[in-house]
Amino acid sequence: MGLFRFSLCFFILNIALFSTLCFSGDPTVSTELHVSSTTVSPLGVPQKVITINGKFPGPVINVTTNNHVIVDVFNQLDEDLLITWSGVQMRRNSWQDGVLGTNCPIPSKWNWTYQFQVKDQIGSFFYFPSTNFQRASGGFGPFVINNREIIPIPFAQPDGEIFIMIGDWYTQDYTALRSTLDGGKDLGIPDGVLINGKGPYQYNNTLVPNGIDHETITVDPGKTYRIRVHNVGISTSLNFRIQNHNLFLVETEGYYTDQANYTDFDIHAGQSYSFLLSTDQNASTDYYIVASARFVNESLWQKVTGVAVLHYSNSKGGVSGPLPPPPDDFYNKGASMNQARSIRLNTSASGARPNPQGSFRYGSINITDTYLLKVTAPVAINGTTRAAINGISFLKPDVPFRLADNNQLRGIYKLDFPSKPMNRTPVIDRSIINATYKGFIEIVLQNNDSSVQNFHLDGYSFFVVGMDYGDWSENSRNSYNRWDAISRSTTQVFPGGWTAILVSLDNVGSWNLRAENLDRWYLGQETYLRIVNPEEAGDTETGAPENVLYCGPLKYKQKKQTPSSSSADSSLGSGFLFTLFMGILVIFTSS
Ligand SMILES: *[C@@H]1O[C@H](CO)[C@@H](O)[C@H](O)[C@H]1NC(C)=O
Ligand SMILES: *[C@@H]1O[C@H](CO)[C@@H](O)[C@H](O)[C@H]1NC(C)=O
Ligand SMILES: *[C@@H]1O[C@H](CO)[C@@H](O)[C@H](O)[C@H]1NC(C)=O
Ligand SMILES: *[C@@H]1O[C@H](CO)[C@@H](O)[C@H](O)[C@H]1NC(C)=O
Ligand SMILES: *[C@@H]1O[C@H](CO)[C@@H](O)[C@H](O)[C@H]1NC(C)=O
Ligand SMILES: *[C@@H]1O[C@H](CO)[C@@H](O)[C@H](O)[C@H]1NC(C)=O
Ligand SMILES: *[C@@H]1O[C@H](CO)[C@@H](O)[C@H](O)[C@H]1NC(C)=O
Ligand SMILES: *[C@@H]1O[C@H](CO)[C@@H](O)[C@H](O)[C@H]1NC(C)=O
Ligand SMILES: *[C@@H]1O[C@H](CO)[C@@H](O)[C@H](O)[C@H]1NC(C)=O
Ligand SMILES: *[C@@H]1O[C@H](CO)[C@@H](O)[C@H](O)[C@H]1NC(C)=O
Ligand SMILES: *[C@@H]1O[C@H](CO)[C@@H](O)[C@H](O)[C@H]1NC(C)=O
């Protein structure tokens, strides 16, 4: 019966929300992601982009705290695929995380169903393809976890929600960009910035050619909207601003912040924020929405500017004139860092649970281990260009680590990741961090490179307790914010500077710590934290799912999949009728 009910759940697709049918207790949300590609010209040059259910960017996955989520991913690309859920924490279940150290890739023309619970979490996240540089061509979309109804949000219910995905963009697709990196070359200056998959509004005829489609966001006057902004780009830090409007910061990657107005905000690759937008202007014109490259020579990077239009429903005219100016602080490298430091945790706002987040006094917990992780500019190793952390350039896994453990495969990875920078020539290796379960660790990210490097940790949120320029030393701890540091999952590390984070290692599994700068990640700037409960007898970590895929040395265990009949576009026709039919059946059988 259990199996029967399970398969019923599978067929109620297309974002059906229904309660207590598949699992006892928390409701289940099911959806399908059909990953395919199409040719469009966001910057006026035809190119291949990756679509989800025919859309670029992909649709929103919208769930509530503690929901069970079932996502069936159909790989219609002509190469392997994995989707990961940036910032969504799979409790004790790295089997669903969707990176090469946790999952075998979904082969071309196969589908694979992710199943996980979004336990004790709220906030704004996004999903994206995690391998083969595919994110450079799309495949991303927002992932929202709403508060349960009984947990109030720390601001008035907004009148609407707006999703804004910004990111640098090249007119070459991911396969060409990959070849550039494989050839040891730098990607160079991006060709532009897209906002929700579209090129810039033609604010200047010289800079923006004719015939480019731009994004228009329509709002009503006198309202408050929650805008969720994600930088899904490759590596460019972007300054985000809306002409004549304040950005009222309320949340970042799962935690409510102290609420404050900003006229513009720096959003680094991989980061997510929620702002409240008051439509309090007089609508004598429309307004520009801008995302422009940060910390660069503006005269060389002029084209790396995304421009969309905020259109009031009672607007009396279009946009015109110059864009709202970027911050005028090219020579003041402290300005952006000060803005980052001003993002604080609202210690009295409830997050996923009714008890205040601030009751977790992270500042008084003793640190059990310190990892000083240093990144430098990419170097040549054995004839290829590679990026490294502490002298180790990560060799992509050919089999997931916990799967290897479960199948008694030895020698797949080493547990000797150095906890300090090594003054030696970097090596290519598959070395991961042997982290201690229930430890409370300090990770200092030291950026010895000349561009902003962003780091993301899967399976966790961490406290960003400090950042500064120069070399970190033990004395730097005196400057830590031990009271209301923001908790998040992606942090920037300024060039020539450091960022310190504290992490409570309560989530067993193997979790990816990586550069969010896609080029650096591709070149090996990542590792994993392996966290196992020493008393583990399978009682805390979830076991491998029934549908686990095998690859690499375990490939012989993989059964063939009969190619799915469901193609990218046919899921709405007969699929819908079938859903309806099965839905009726469920209502029938459950009554
Ligand atoms: C997400 O779901 C909530 C209810 O659970 C609903 O209020 C909200 O409008 C939905 N948002 C989107 C973008 O679908
Ligand atoms: C692939 O999709 C079909 C339904 O279209 C489903 O029955 C099957 O379980 C899926 N396969 C996997 C491995 O998730
Ligand atoms: C358009 O951009 C070009 C190149 O930067 C600049 O020379 C020109 O003044 C701009 N035109 C307007 C109307 O701002
Ligand atoms: C923030 O800006 C909004 C809209 O401009 C304004 O109504 C509000 O009073 C400001 N809030 C604070 C705390 O400054
Ligand atoms: C609307 O606001 C703009 C900018 O603040 C101002 O220049 C303009 O005079 C206002 N128009 C009206 C009709 O109030
Ligand atoms: C920016 O680039 C231009 C053109 O190469 C150069 O003339 C200018 O000095 C640069 N500006 C700065 C601040 O480096
Ligand atoms: C923190 O959240 C509470 C609601 O729980 C809210 O009333 C308060 O204004 C917030 N504080 C700040 C500084 O944003
Ligand atoms: C933290 O460490 C200090 C000094 O080593 C010790 O005195 C204290 O009891 C420890 N606190 C906790 C909560 O373990
Ligand atoms: C370079 O390649 C050789 C042969 O594959 C290998 O033995 C050596 O360890 C590699 N060197 C580095 C620095 O990875
Ligand atoms: C990993 O760390 C644990 C202690 O946390 C230790 O017992 C074990 O020997 C370590 N494993 C390796 C391979 O270093
Ligand atoms: C990198 O480290 C070297 C040696 O410590 C230092 O001289 C240099 O200024 C650093 N560069 C950056 C960008 O941090």
Side-chain angles (χ1 to χ4, degrees), residues 3-4 6-14 30-35 70-76 81-83 95-96 98 103-107 109-115 295 333 368-369 371-372 374-379 401 405 410-419 421 423 431-441 445-453 468-473 493-499 505 508 510 528-536 544-550 558-568 570-572 574-576 578-579 582:
L3 198 71
F4 181 52
F6 180 74
S7 60
L8 284 183
C9 297
F10 258 50
F11 284 107
I12 303 175
L13 299 165
N14 305 319
S30 296
T31 189
E32 286 184 3
L33 300 183
H34 293 260
V35 185
I70 299 177
V71 189
D72 197 354
V73 174
F74 291 78
N75 179 9
Q76 308 289 341
L81 169 76
L82 269 180
I83 297 283
W95 299 101
Q96 310 289 330
N103 291 76
C104 290
I106 307 168
K109 312 304 172 202
W110 285 34
N111 65 307
W112 194 73
T113 304
Y114 292 77
Q115 239 187 300
F295 322 120
K333 50 183 200 155
T368 56
D369 296 284
Y371 298 89
L372 177 55
K374 185 171 177 178
V375 295
T376 49
V379 292
F401 306 132
D405 292 348
R410 307 270 169 253
I412 297 297
Y413 58 87
K414 297 177 190 160
L415 278 173
D416 60 354
F417 199 91
S419 59
N423 291 320
S431 170
I432 70 181
I433 294 176
N434 181 20
T436 309
Y437 179 55
K438 299 235 161 116
F440 189 70
I441 63 168
L445 302 158
Q446 181 81 49
N447 182 357
N448 193 232
D449 202 347
S450 52
S451 60
V452 176
Q453 298 294 308
D468 209 343
Y469 285 103
D471 283 339
W472 179 89
S473 72
V493 190
F494 289 97
W498 56 268
T499 296
L505 298 183
V508 287
S510 79
Y528 285 76
L529 270 68
R530 181 176 180 275
I531 299 147
V532 290
N533 181 350
E535 282 143 38
E536 181 78 70
E546 242 173 75
N547 63 349
V548 70
L549 292 175
Y550 295 95
Q558 181 62 47
K559 293 203 195 74
K560 275 239 167 334
Q561 190 180 60
T562 24
S564 156
S565 56
S566 175
S567 80
S570 70
S571 69
L572 284 173
S574 59
F576 178 71
F578 193 57
T579 299
M582 293 310 277

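Numbers here are sequence positions counted from 1. Below, each value reflects all heavy atoms present in this structure, side chains not excepted, and no hydrogens, waters or symmetry copies. Numbering of ligands and ligand atoms starts at 1, following listing order.
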Report task. Check the pair Y437 / N533 against side-chain contact (heavy atoms from CB on, under 4.5 Å), numbers first and verdict last. Result -> CA-CA 6 Å; Y437 179 55; N533 181 350; 3.5 Å; yes
Query raised in the report: Given D471 and W498, is the side-chain contact (heavy atoms from CB on, under 4.5 Å) satisfied, shown in steps?
Result: CA-CA 7 Å; D471 283 339; W498 56 268; 6.0 Å; no
Report task. Step by step, work out the side-chain contact (heavy atoms from CB on, under 4.5 Å) result for V375 and N447. Result -> CA-CA 5 Å; V375 295; N447 182 357; 3.9 Å; yes
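In this structure, a donor-acceptor pair under 3.5 Å is present between the side chains of N111 and Q561. With 3.5 Å as the limit, one finds no donor-acceptor pair spanning the side chains of T376 and N448.
Of the heavy atoms in F74, only side-chain atoms (C-beta onward) come closer than 4.0 Å to ligand 2.
The shortest heavy-atom distance from Q561 to ligand 2 is under 4.0 Å. Heavy atoms of T376 stay at 4.0 angstrom or farther from ligand 11.
When only interatomic distances are considered, the shortest N/O to N/O separation between T113 and ligand 2 falls below 3.5 Å. Polar contact with ligand 11: absent for K374 (N/O pair, distance under 3.5 Å).
For ligand 10, the 4.0 Å heavy-atom shell takes in L415, N434, T436, ordered by chain and residue number.
T436 places none of its side-chain heavy atoms less than 4.5 Å from the side chain of T368.
Residue N447 approaches ligand 11 through these ligand atoms, each under 4.0 Å from one of its heavy atoms: 14 (O). Shown in contact with D72 at under 4.0 Å from a heavy atom are these atoms of ligand 2, numbered in order with element: 1 (C), 2 (O), 10 (C), 14 (O).
Here K438 pairs with nothing under the salt bridge (charged side-chain N to carboxylate O under 4.0 Å, His left out) rule; sequence neighbours left out. Partners of Y114 according to the side-chain hydrogen bond (donor to acceptor under 3.5 Å, both in side chains) rule, which considers only residues two or more places apart in sequence or in another chain, do not exist here. Under the rule for a ring-ring contact (aromatic ring centres under 6.0 Å, His included), the partners of F401 that lie at least two apart in sequence or sit in another chain are Y413, Y528.
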